[in-house]
Amino acid sequence: MNQILDLVPIWTLILGFGVFFYVLLDGFDLGVGMLYGFARDSRSRNTIMNSIAPIWDGNETWLILGGLGLLAAFPVAFAVIIPAVYFPILVMLLALVFRGVAFEFRLRDSENRTFWDHAFCYGSGIATFAQGVVLGSFIQGFEVSNGQFAGTSLSFLSPFTLLTGIALMFGYALLGVGWLILKTDGEVQAVARRLGRICLVAVLLAIAAVSLWTPIMSQAIAARWFSWPNALFLAPVPLATVLLGWFTWRALGSAAEATPFLGAMALFVLSYVGIAISLFPMIVPYHFTLWEAASSPRTQAFLLVGTLFLLPVILTYSAWSYWVFRGKVRGELGYH
């Protein structure tokens with residue numbers, strides 16, 4: 001089986017797309033949750049909340065797919081990564097639960113609505129920061145001995161992971177800005193445009209900081225990006241990032257409604273590509289490649305059958321929900 005068909009690239013694509021869809025889809029609704037704290041009145045808060053009400057919980061399907069895909073297809077990586085980032089993952093899950101509770105109780109516990117409003121905003125921010133810490137830990141690598149995580153429960157804490165945590169908060173907020181510009185109008189949209197430029201500048205500075213920091217941490221990454229002729233071939237990635245930043249900045253100051261969201265998503269695509277270029281084929285930087293961490297071909301083949309049936313279902317109901325709830329949101333009236 002191993003000689004006939006290599007399933008690792010297929011599972012790499014499934015896992016990569018699962019994580020990426022989660023970052024984009026749950027990213028913008030977490031961003032909207034953080035921006036919720038800037039709403040000036042109850043009408044604006046209701047508009048913001050209604051913009052994500054029909055789709056926010058479905059977006060988290062991709063988080064489950066990514067976690068289970070990692071466990072099933074790359075168990076060695078799962079065994080190292082999860083203990084290494086156990087606490088930020090725990091904080092993230094608790095924040096997501098608290099955020100979901102706040103979403104529901106805000107409508108049913110009107111006497112304490114202010115408390116639940118704050119809980120929704122802070123839960124979104126804490127979950128995002130924790131995800132950024134996990135990302136930073138993954139990029140900086142883990143202490144591994146005899147195929148197992150050899151660090152401490154606080155090894156994930158470093159200036160770099162704190163930077164990536166804050167950077168992801170601004171990144172998700174930028175996605176949230178794009179969503180609000182697309183789905184709302186009036187004062188909510190105007191405030192989103194103003195906040196969008198602040199978030200965009202912070203995101204571009206964070207991309208530059210991470211791009212310079214990672215080669216300093218790893219000679220392998222430095223060689224991949226700055227050796228010749230790699231530097232020539234990979235130069236389009238940072239150049240495209242600069243052009244996209246300029247394009248998104250102009251879109252935020254114009255009357256365009258879809259363009260800011262597309263620009264924010266494109267910046268995430270380029271950042272994702274940059275991480276992939278830096279680390280591929282490692283799945284446990286800088287210890288195990290995808291092939292070294294993979295489960296047996298029989299296991300991958302068995303699980304792939306169910307996954308290939310499941311993925312079209314997820315994609316179909318996700319696309320259908322976005323199609324049904326297309327259009328603008330206006331206060332208490334919901335979608336139009």
How would you list, by chain and number, every residue that makes a ring pair (Phe, Tyr, Trp, His ring centres under 6.0 Å) with Phe105, sequence neighbours excluded?
Trp116
Spatial distance of atom CD1 (Ile283) from atom OG1 (Thr12) [nearest 0.5 Å]
6.5 Å
Salt bridge (Lys or Arg N to Asp or Glu O under 4.0 Å): which pairs involve residues 153-162, sequence neighbours left out?
none
Applying ring pair (Phe, Tyr, Trp, His ring centres under 6.0 Å) to Tyr122 and not counting sequence neighbours gives His118
Sequence neighbours excluded, every pair satisfying salt bridge (Lys or Arg N to Asp or Glu O under 4.0 Å) that has a member inside residues 207-221:
none
Going by salt bridge (Lys or Arg N to Asp or Glu O under 4.0 Å), name the pairs with one or both residues in residues 153-180, residues two or more places apart or in two chains.
none
Any donor-acceptor N or O pair under 3.5 Å, side chains Thr114, Asp117
no
Look at the aromatic rings of Tyr322 and Trp179 and report parallel, tilted or perpendicular, splitting at 30° and 60°.
perpendicular
Sequence neighbours excluded, every pair satisfying side chain to side chain donor-acceptor pair (under 3.5 Å) that has a member inside residues 189-215:
Gln189-Glu257
Does a side chain donor of either Thr61 or Tyr317 reach within less than 3.5 Å of an acceptor in the other side chain?
yes
Could you name each residue pair satisfying ring-ring contact (aromatic ring centres under 6.0 Å, His included) that touches residues 268-315, not counting sequence neighbours?
Phe20-Tyr272
Residue of the set Leu35, Leu267, Leu195 for which side chain to side chain contact (heavy atoms under 4.5 Å, CB included) holds with Leu174:
Leu267
Any donor-acceptor pair under 3.5 Å linking the side chain of Ser295 with the backbone of Ala72?
yes
Would you say that Val177 contacts Leu252 through its side chain, given a criterion of any heavy-atom pair below 4.5 Å between the two side chains?
yes
Among residues at least two apart in sequence or on other chains, which ones pass salt bridge (Lys or Arg N to Asp or Glu O under 4.0 Å) with Glu111?
none
Trp320 side chain near Val324 side chain, heavy-atom distance below 4.5 Å:
yes
Between CG of Leu25 and CD of Glu60, what distance do you get to the nearest 0.5 Å?
11.0 Å
Is there any salt bridge (Lys or Arg N to Asp or Glu O under 4.0 Å) pair reaching into residues 14-38, and which pairs are they, with sequence neighbours excluded?
Asp29-Arg99
Does Arg224 have any salt bridge (Lys or Arg N to Asp or Glu O under 4.0 Å) partners at least two apart in sequence or in another chain, and if so, which?
none
Where at least one partner belongs to residues 226-252, residue pairs that pass ring-ring contact (aromatic ring centres under 6.0 Å, His included), sequence neighbours excluded
none
When every non-hydrogen atom of Pro238 is compared with those of Leu234, the smallest separation belongs to CD-O, 3.2 Å
How is the hydrophobic cluster of Leu68 composed, in terms of its other members, when Ile, Leu, Val, Met, Phe, Trp and Tyr link through side-chain heavy atoms under 4.5 Å apart, directly or indirectly?
Ile64
Under a 3.5 Å threshold, yes or no: a donor from one side chain and an acceptor from the other, between Ser155 and Thr152?
yes
Tell me whether Asn146 contacts the main-chain N or O of Gln148 through its side chain, where contact means a donor paired with an acceptor under 3.5 Å.
no
